[in-house]
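Order of listing sets the numbers, starting from 1, for every ligand and every atom in it. As a basis for the values below, the full set of heavy atoms in this structure was taken, side chains included, without hydrogen atoms, waters or symmetry mates. Given the structure is predicted, the values throughout are model-derived calculations rather than measurements. Quick note: residue numbers are just sequence positions, from 1.
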Amino acid sequence: MLRRMDVSAVTLARQVRAGELSAAESVRAALARAREAQARTNAFVTLAEAEALAAAERVDARLAAGEALPLAGVPLVVKDNLCTRGVRTTAGSRMLEGFVPPYDATVVARLVAAGAVTIGKASLDEFGMGSGNENSPFGAVANPLDPTRVAGGSSGGSAAAVAAGAAPLALGSDTGGSVRLPAAFCGLVGFKPSYGALSRYGVIAYASSLDQVGILARDLADVELAFELATGADPFDATTYDLPAAGPPVAIEGLRVGLPRELLSDGFGAAALAAVERAAASLEEQGAELVELSLPSAPAAPACYFVAATGEASSDLARFDGTLFGGRVGAEAAGQEAVMRASRGALFGPEVKRRLLFGTLALSAERYDELYGRALRVRRKLAGELEAALERADVLLLPTAAGVAFELGREEPFEARFQGPAFHTDMATALANLAGLPAVSLPGGTGEGGLPLGVQLMGPARGDRALLGVARHLV
Ligand code: GLN
């Protein structure tokens with residue numbers, strides 16, 4: 001029987017600061033639970049046991065020296081596309097199997113500075129490309145709530161580790177839903193902030209204009225605390241900024257909650273729609289006003305996302321050519337092109353290759369206007385429609401996914417995702433990335449097999465704090 005980590009990060013840090021247990025004890029217990037979680041779910045690519053124990057001792061020494069540490073001794077799980085100094089960071093790819101970064105991603109560094117201890121690097125779809133954490137040379141991740149199902153992707157390891165009780169808090173990344181979807185499938189809170197609200201320094205890029213670091217936890221308060229500690233301008237990422245200061249607590253009385261028709265269509269499963277209805281009813285009962293509205297271009301979001309993301313990926317991943325970056329296959333004497341071909345051919349997995357080929361086509365001179373250029377135009381249109389919707393409403397309420405976690409072995413390649421539940425799930429999640437908006441997935445009751453469903457709140461850019469304030473009324 002797995003011993004779950006039931007205590008929240010907020011409570012655990014308070015206990016460590018009060019001397020009820022040491023950071024070393026907290027981390028030793030988390031590592032034992034992480035080993036059990038690993039056996040059941042394969043959530044981790046790397047368990048950083050020795051590094052975590054040494055880091056915990058440093059936290060205890062800092063506490064003894066009188067430092068105030070808001071995350072004192074809190075075990076943290078980090079998606080394996082966020083760089084961790086001295087701990088290998090693979091991005092879920094053979095291409096980076098031996099990469100040991102000499103520096104921490106800014107978000108990791110800020111949480112570690114606050115007393116958190118990284119216990120391991122969580123599995124992901126290779127470079128973040130997937131929805132079920134099955135596209136990985138390190139093996140699929142199973143959902144701890146039902147091992148025949150996926151944990152969601154691409155931050156599946158982060159979600160599985162928290163849901164299995166290894167740690168209260170995890171970092172993921174979200175390019176088109178990869179934090180919110182696994183959070184929904186595992187019954188957690190998953191937050192993708194506004195573009196630029198968390199630094200991407202040290203994040204191994206999938207598609208730079210869509211990528212955001214996100215936070216997963218069982219408790220909303222843990223997500224808020226980690227976000228407050230990690231947000232703020234970073235000289236290493238020019239897209240970052242300081243958010244406006246927090247206003248007074250968000251009043252629910254008179255709050256306008258927008259329900260976009262296209263996101264509540266029949267293609268979403270009945271259970272997912274019922275979850276949104278329950279959330280809407282609860283907000284209305286607390287005094288909010290429901291506003292029906294429309295995002296006419298929303299059905300174009302999945303196509304727009306896949307063209308934009310794969311186009312950027314073909315550029316972002318071009319550096320992995322076996323010469324300066326990434327693993328090398330073949331002898332140098334064979335020549336540069338032969339080494340590139342051999343390295344990229346052998347070390348990228350099939351989904352990554354499909355996306356890079358398509359993305360290269362989308363950016364090619366012959367097809368640019370028809371594909372990438374058009375995706376940019378649709379993206380601007382979608383952003384405009386969302387902006388108009390967020391003038392009529394303070395937040396939007398929508399499903400996170402079309403239903404509960406799907407069975408292992410069922411995920412289709414990206415080019416087959418333009419119908420059925422996969423299409424609807426991509427539509428619900430990709431909108432926020434395309435427009436750079438903050439969005440949070442919250443537990444929304446259960447569906448088939450008693451498995452969790454997610455509901456999603458989305459708000460205006462840089463309105464992250466207010467959005468989380470509204471979320472408090474739904475947990
Ligand atoms: N599921 C989406 C995809 O397959 C989103 C992935 C992500 O956010 N990294 O690309």
Side-chain angles (χ1 to χ4, degrees), residues 79-82 91-93 122-136 140-141 150-159 170-185 190-193 195 198 200 203-216 301-314 316-317 349-356 358-359 362 375 399-403 405-406 410-441 454 456:
K79 187 176 183 177
D80 209 21
N81 61 352
L82 277 81
S93 183
S123 183
L124 65 152
D125 287 286
E126 186 171 359
F127 287 101
M129 299 182 184
S131 300
N133 210 146
E134 297 183 273
N135 301 331
S136 167
V141 174
V150 299
S154 63
S155 312
S158 299
L171 291 173
S173 67
D174 191 313
T175 306
S178 280
V179 162
R180 290 160 287 152
L181 184 60
F185 282 180
F191 177 43
K192 182 208 88 75
Y195 189 74
L198 290 178
R200 284 176 297 111
V203 179
I204 297 172
Y206 157 19
S208 301
S209 81
L210 300 158
D211 293 341
Q212 263 305 279
V213 174
I215 302 166
L216 300 99
C304 179
Y305 162 75
F306 277 110
V307 176
T310 58
E312 285 187 34
S314 75
D316 272 325
L317 274 65
E351 180 71 6
V352 172
K353 284 183 192 161
R354 276 191 295 270
R355 294 192 186 199
L356 295 182
F358 181 76
T400 307
F406 53 89
R410 293 282 173 85
E411 186 170 348
E412 305 238 52
F414 84 92
E415 69 272 20
R417 292 182 67 85
F418 294 97
Q419 53 185 358
F423 170 82
H424 288 85
T425 296
D426 290 341
M427 173 164 59
T429 51
L431 284 172
N433 304 77
L434 289 167
L437 305 181
V440 61
S441 179
Q456 202 183 169

Handout entry: Phe306 N/O to ligand 1 N/O under 3.5 Å
Key = no
Fill in the blank from the handout: atom 4 (O) of ligand 1: of Gln212, Arg355, Glu351, Arg417, the nearest heavy atom sits on Arg355
Problem - Glu415 atom CD, over 12 foreign heavy atoms within 6.0 Å - result: yes
Practice task
Could you list which atoms of ligand 1 come closer than 4.0 Å to a heavy atom of Thr175?
Solution key: 7 (C), 8 (O), 9 (N)
Handout entry: Any donor-acceptor N/O pair, Arg180 side chain to Lys192 backbone, under 3.5 Å
Key = no
Exercise for the section: Taking Gln212 for its side chain and Asn433 for its backbone only, find out whether a donor-acceptor pair lies under 3.5 Å. Expected result: no
Fill in the blank from the handout: Taking only non-hydrogen atoms of Gly176 and a 4.0 Å limit, the atoms of ligand 1 in range are 5 (C), 7 (C), 8 (O)
Exercise for the section: Answer yes or no: does an N/O atom from Gly177 fall short of 3.5 Å to an N/O atom of ligand 1? Expected result: yes
Exercise for the section: Report the residue from Ser155, Ser154, Ser173 that forms a side chain to side chain donor-acceptor pair (under 3.5 Å) with Asn81. Expected result: Ser173
Problem - Tyr206 neighbourhood, listing ligand 1 atoms whose heavy-atom distance to it stays under 4.0 Å - result: 9 (N), 10 (O)
Fill in the blank from the handout: In ligand 1, the atoms that come under 4.0 Å of a heavy atom of Gly130 are 1 (N), 2 (C), 3 (C), 4 (O), 6 (C)
Practice task
Using a 4.5 Å cut-off on heavy atoms from C-beta on, say whether the side chain of Pro302 contacts that of Arg417.
Solution key: no
Practice task
For the residue pair Ser93 and Glu126, confirm or rule out a side-chain donor-acceptor distance under 3.5 Å.
Solution key: yes
Completion exercise
ligand 1 to Ser154, heavy atom cutoff 4.0 Å, flagged ligand atoms 9 (N)
Completion exercise
for atom 2 (C) of ligand 1, nearest protein heavy atom and its distance come out as Tyr305 OH, 3.6 Å
Problem - Donor-acceptor pair, side chain of Ser441 and main chain of Gln456, under 3.5 angstrom - result: no
Problem - Closest protein heavy atom (residue, atom, distance) for atom 7 (C) of ligand 1 - result: Ser178 OG, 2.3 Å
Exercise for the section: Among all protein heavy atoms, pick out the one at the shortest distance from atom 1 (N) of ligand 1; state its residue, atom name and that distance to 0.1 Å. Expected result: Ser131 OG, 2.7 Å
Handout entry: Any donor-acceptor pair under 3.5 Å from Asp174 side chain to Phe191 backbone
Key = no
